[in-house]
Amino acid sequence: NGLTTGSALAMSTSSNNLATTAADGLLAVTYTGASTSTNNLLFLKNNSTSATATTGILIDQNTQANAIFIDHHITTTTAGTYPSFYIDVDRTGTVGSGTDHIKGAQIDVNTTGASAGTITTTGLDINLTGDSGGTSKTIGLDIAVASADTKYALLTAGGNVGIGESSPQDTLEVNGT
């Protein structure tokens with residue numbers, strides 16, 4: 001039976017694996033319907049107008065596995081734009097007072113408790129391999145900033161920046177032409 005308005009779904013499991021079929025565990029969702037531009041395998045909407053913090057999706061995981069893993073296979077031969085991960089943040093309304101700070105994405109990584117060894121903490125690791133057929137271009141990071149009184153494409157606080165340099169020793173170190 002489906003859920004109705006006002007009802008909730010709560011699930012709990014001690015399984016070590018994400019369900020891939022109904023027999024595998026807690027939740028399995030499979031969609032085999034017609035392909036259209038509006039098919040959503042999972043759609044969650046939070047219409048809260050609360051001024052306090054609300055969380056649409058909370059994943060609290062105490063394992064070494066991936067909390068979120070997106071494996072997106074694109075097999076079409078039709079040219080197009082196919083994002084594997086898309087964030088759309090629309091802020092509307094008038095701010096009467098105070099400071100409004102909207103963030104499209106925030107990464108907070110904390111590493112503590114190491115007693116030995118070499119520890120490397122990375123906030124964002126981007127690895128790209130471009131195609132070699134046709135006229136190909138690979139872009140590691142594309143930043144577009146517009147429509148503000150003051151625009152910053154990149155702000156860094158602390159640490160050295162290396163361009164063509166994997167271990168910069170100066171505030172800005174450039175290797176190349």
Side-chain angles (χ1 to χ4, degrees), residues 1-5 7-9 11 13 15-49 54-61 63-93 100-109 120-148 150-156 161-166 174-177:
N1 294 332
L3 295 174
T4 59
T5 302
S7 65
L9 174 63
M11 298 182 289
T13 185
S15 171
N16 292 328
N17 299 312
L18 177 65
T20 55
T21 68
D24 284 341
L26 183 61
L27 174 66
V29 180
T30 304
Y31 180 79
T32 56
S35 178
T36 69
S37 62
T38 57
N39 291 337
N40 296 306
L41 182 59
L42 177 62
F43 179 81
L44 302 172
K45 185 171 186 176
N46 183 349
N47 285 329
S48 174
T49 57
T54 13
T55 302
I57 300 173
L58 172 63
I59 299 173
D60 187 354
Q61 179 171 313
T63 67
Q64 294 177 0
N66 297 320
I68 297 175
F69 179 78
I70 299 171
D71 191 10
H72 184 189
H73 297 273
I74 302 166
T75 58
T76 183
T77 57
T78 304
T81 301
Y82 305 101
S84 292
F85 187 72
Y86 180 78
I87 299 173
D88 183 2
V89 178
D90 299 309
R91 193 256 183 262
T92 59
D100 196 19
H101 192 160
I102 308 302
K103 297 181 181 183
Q106 179 172 330
I107 299 172
D108 185 11
V109 179
T120 301
T121 305
T122 303
L124 180 62
D125 187 2
I126 301 172
N127 298 293
L128 301 173
T129 302
D131 200 343
S132 59
T135 303
S136 298
K137 182 187 306 183
T138 302
I139 301 171
L141 186 61
D142 185 356
I143 301 172
V145 180
S147 299
T150 306
K151 298 177 264 316
Y152 302 102
L154 178 65
L155 295 175
T156 64
V161 175
I163 299 175
E165 205 41 67
S166 61
V174 179
N175 184 0
T177 57

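For the numbers below, each heavy atom of this structure counts, side chains included, while hydrogens, waters and symmetry mates do not. Note that the structure is a prediction, hence the values are computed from the model and not measured.
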> For L154, enumerate each residue passing the side-chain contact (heavy atoms from CB on, under 4.5 Å) test, keeping only those at least two apart in sequence or located in another chain.
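T156.
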> If you compare all heavy atoms of S136 against all heavy atoms of G133, which two are closest, and at what distance to 0.1 Å?
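So the two residues come closest at OG-O, 2.8 Å.
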> Which atom pair, heavy atoms only, marks the closest approach of L128 to G140?
CD1-CA, 3.3 Å
> Looking at Y82 and T76, what are the two nearest heavy atoms and their distance?
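Smallest heavy-atom distance, with atoms named: OH-CG2, 3.4 Å.
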> Under the rule for side-chain hydrogen bond (donor to acceptor under 3.5 Å, both in side chains), what residues qualify as partners of K103, not counting sequence neighbours?
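Partners of K103 under the side-chain hydrogen bond (donor to acceptor under 3.5 Å, both in side chains) test: Q106.
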> Suppose we screen for side-chain hydrogen bond (donor to acceptor under 3.5 Å, both in side chains). Which residues come up paired with D90, at least two apart in sequence or across chains?
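By the side-chain hydrogen bond (donor to acceptor under 3.5 Å, both in side chains) rule, D90 matches no residue at all.
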> List in chain and number order the residues that pass side-chain contact (heavy atoms from CB on, under 4.5 Å) with I163, two or more places apart in sequence or in another chain; answer none if no residue qualifies.
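Applying side-chain contact (heavy atoms from CB on, under 4.5 Å) to I163 gives L172, V174.
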> Taking all non-hydrogen atoms of both residues into account, name the closest pair between V109 and T122 and its distance.
CG2-O, 4.3 Å
> Listed by chain and number, what are the side-chain hydrogen bond (donor to acceptor under 3.5 Å, both in side chains) partners of T138, not counting sequence neighbours?
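None.
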> Considering residues at least two apart in sequence or located in another chain, which fulfil the salt bridge (Lys or Arg N to Asp or Glu O under 4.0 Å) criterion with D125?
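Result, salt bridge (Lys or Arg N to Asp or Glu O under 4.0 Å) vs D125: none returned.
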> How long is the gap from CD1 on I126 to CG on L141, to the nearest 0.5 Å?
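Atom-to-atom, I126:CD1 and L141:CG are 5.0 Å apart.
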